[in-house]
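By convention in this document, chain letters (A, B, ...) are assigned in the order of the sequence lines, proteins followed by strands, and residues within each chain are numbered from 1.
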Amino acid sequence: MNDVWQSDWSLMTPEWIVLAVAVVLLLIDVAMPDERSRRPLAWGAALGAVLALGATAALIPAEPASILHGTFRLDSFAKAFKLLLLAGGALALLIVAGWNPKEGSRYGGEFAYLLLFALLGAMMTASSGDLLTLFVSVELLTVSSYILAGLRKTVAASNEAALKYVINGGIATAVMLFGMSYVFGLTGTTNLNEIARRLQETNEPYMLALAFLLLLIGVSFKLAAVPFHMWAPDVYEGAPVPATAFFAVVSKTAGFVLLLRLLVTMFAAAPAEGRDPSSLLLSMQPAIAVLAGLTMIIGSVVALRQRSLKRLLAYSSIAHAGYLLAGFAAMSWAMIDSLWIYLLAYLLMNMGAFAIVSHIVDETGSDDWDGLTGLYRHRPLLAAALGLFLLSLAGIPGTAGFIAKLHLFIGLVVTEPGHYVLAAVMAITTVISYVYYFNLIVQLFFRPLFSSAPLGRMSAGLSAAVVLCALGTLALGWAPGLAYNVLAQFDHFGDFLP
Amino acid sequence: MSGTDIAFFLLALAAIAGAVMMLQLTNVVHMVLSLVMTFLAIAGLYVLLSAEFVAVVQVLIYSGAITIIMLFAIMLTRHHADDKERQTTGGVGHKAAAAFAVLAFGLAVYAGIRTLDFGADGSALPADNAKAIGQWLYSYYTIPFEIVSVLLLVALIGAIVLAKKDGKGAEDE
């Protein structure tokens, strides 16, 4: 019992801030008169996320430490990925603050604090060194997400999205939990480092491989990797745009955090049959590579046929998850660094694109790409910003997307033996993705005006999100040293493995 | 084959039978009842594993509370009990593929657990496991425990938001 009081709870400052802001907003929302606008609550939530971001940045110099036997762990990995999650959460909350749907929003307040609770779950996932914390945090993230997906109650597509998300998420959770139960049975502990140590002494490579595959499938559902991606386009299309932005960016980042925490920590040094008997993770590389290849190919080929902006971005996010998985499959020594940089670039360009899509959907009431036609004629700055995000998503030099993709690509070819097939698939699918990104750009700049009614002014929240993302995309594209300087403080995540 | 083995197979059979019946029956109330059968059989499995506290919780929460809430939901919503037609999706090919996948997975797991020995027997477990669970939960696992409380709060908010009636008619009722 004394452990609880003697722990250094200040390590959890960012989490405390997010939790406290969410609870306070909840109470304010209950006390507020019904007819008042809930927009200030979203601004308050965004401020809370920024405060937590500051607190995380202040914790960077702290030594790696843990509370209560590793159920909470603050190592360089946790700090680095919490920065990403909080930045993504703050931008998503800015989009919530600027959200103004045609059917009206009665649930702006719930949106703000449910998103904060989901963010708390994602942060705890990054910080957990224990199977139980990991599982419960992921559940907090996903249960909040189910509700966020269904918040447009009067729209049938939103209800469908929430239901599909619950069912698919439930299956993913069950599969993952089944895998975890075997790991727990073989080791008798839930502490990740202790599991890694005890697994080295077990001699059950077959069971471990089975557990590994179950966990990989469970996490793939969360990442929307092909062939476990069927739910993603429908959920992304039906959910409110700010929630879609949150799922595409923060939930996906949290999925990769889960992937690294679970599979790398536990299985990096576990015994195996097959190619590499010293590491189950390395001997499972072909399975991950196949998953990555399929995800890249299907994601970019199916995106070619989409006319809904949200579905297009959904398939593009599936393709990007494929690039990230390819980086994971490479297992180069700088794997975590390159994933971090990619996720940072992915965050900036996707949040910016979703902020603009949110504005277009609110103004025109549909997310067909006709809404973009001739945008350049009456909103040149907005069109330029969207053009920049699309170029970055395509990976054109001078943008963040190029630097990030370059890192993943180098990771694939410098490892010994090189993953040339994956690298080739990545190059080819990137070229395929040019088709649909450039189609949109043509639509933006070169087509005559489709609708006579020009778009209205953008709200402050959306403008702030777009400006921040555009600046970030350009800064990372022209001066990637900024990101390297941040990464240098984490020293290649040397304290990630026990 | 010892008595424990026989009890295990009977309970496991009951649990699986309940689950299959739940999928096959058409009346919602019958479905809930077959679910209760699965829950109770699983509680029996917990007793075999000398986890009496978890077994009691299983009976109280799952067979008790959750079943009652499901029955409430059935009573309070309109549904067509006489709706005999069952809609099935997928043709023979789909079903054959699903059956093959289930069999293959079952065989793969069986091949693994056939020789698997977890090594521990139940006698080492503490006699008063309610106390042991309490001690673990409130000291070692304080953090996940607190996250679960946030999770419950989120579920509560979600239930209210999604189930609440909106619009002009909401105040009149």
Using heavy-atom distances under 4.5 Å, tell me whether [X] contacts chain B through its side chain, its backbone, both, or neither.
{"X": "A:Tyr113", "value": "side chain"}
{"X": "A:Glu204", "value": "side chain"}
{"X": "A:Asp130", "value": "side chain"}
{"X": "A:Leu210", "value": "side chain"}
{"X": "A:Leu148", "value": "neither"}
{"X": "A:Leu120", "value": "side chain"}
{"X": "A:Phe111", "value": "neither"}

| query | In terms of heavy-atom proximity below 4.5 Å to chain A, should B:Leu162 be classed as side chain, backbone, both, or neither? | reply | both
| request: Could you tell me which portion of B:Ala159 (side chain, backbone, both or neither) has an atom closer than 4.5 angstrom to a non-hydrogen atom of chain A? | output: neither
Which heavy-atom pair separates [X] from [Y] by the least distance, and what is that distance?
{"X": "B:Lys164", "Y": "A:Lys153", "value": "O-NZ, 2.6 Å"}
{"X": "A:Ser144", "Y": "B:Val154", "value": "OG-CG1, 3.5 Å"}
{"X": "A:Val136", "Y": "B:Pro144", "value": "CG1-O, 3.8 Å"}

| said: Ring-plane angle category for A:His69 and B:Tyr140, please: parallel below 30°, perpendicular beyond 60°, tilted otherwise. | reply: parallel
| note | Residue from A:Leu132, A:Leu151, A:Thr154, A:Ile67 scoring the most non-hydrogen pairs under 4.5 Å with chain B is A:Leu132
| B:Ile113 and A:Tyr182: CA distance, side-chain angles, deciding distance, side-chain contact (heavy atoms from CB on, under 4.5 Å) verdict | CA-CA 10 Å; B:Ile113 58 174; A:Tyr182 278 123; 3.9 Å; yes
To the nearest 0.5 Å, what is the distance between [atom1] ([X]) and [atom2] ([Y])?
{"X": "A:Phe72", "Y": "B:Thr142", "atom1": "CZ", "atom2": "OG1", "result": "13.5 Å"}
{"X": "B:Ile147", "Y": "A:Leu141", "atom1": "CD1", "atom2": "CG", "result": "11.5 Å"}
{"X": "B:Glu146", "Y": "A:Met124", "atom1": "CD", "atom2": "CE", "result": "10.5 Å"}

With a cut-off of 6.0 Å (strictly less than), are more than 12 heavy atoms of other residues, nucleotides or ligands near [atom1] of [X]?
{"X": "A:Tyr206", "atom1": "OH", "result": "yes"}
{"X": "A:Met32", "atom1": "CE", "result": "yes"}
{"X": "B:Asp5", "atom1": "CG", "result": "yes"}

| Any idea which of B:Thr115, B:Ile157, B:Ile143 has the most non-hydrogen atom pairs under 4.5 angstrom with chain A? | B:Ile143
| request: For B:Tyr141 and A:Thr190, test the side chains for any donor-to-acceptor distance below 3.5 angstrom and give the result as yes or no. | output: yes
| task | Using side-chain contact (heavy atoms from CB on, under 4.5 Å) as the criterion, point out the one residue from B:Leu152, B:Val148, B:Val150 that pairs with A:Leu140. | result | B:Val150
| message | Determine whether A:Leu26 and B:Leu153 satisfy the following criterion, side-chain contact (heavy atoms from CB on, under 4.5 Å), listing intermediate values before the conclusion. | response | CA-CA 11 Å; A:Leu26 170 66; B:Leu153 177 66; 4.2 Å; yes
| request: Kindly indicate, with the supporting measurements, whether the criterion side-chain contact (heavy atoms from CB on, under 4.5 Å) is fulfilled by A:Leu214 and B:Phe105. | output: CA-CA 11 Å; A:Leu214 286 170; B:Phe105 181 70; 3.9 Å; yes
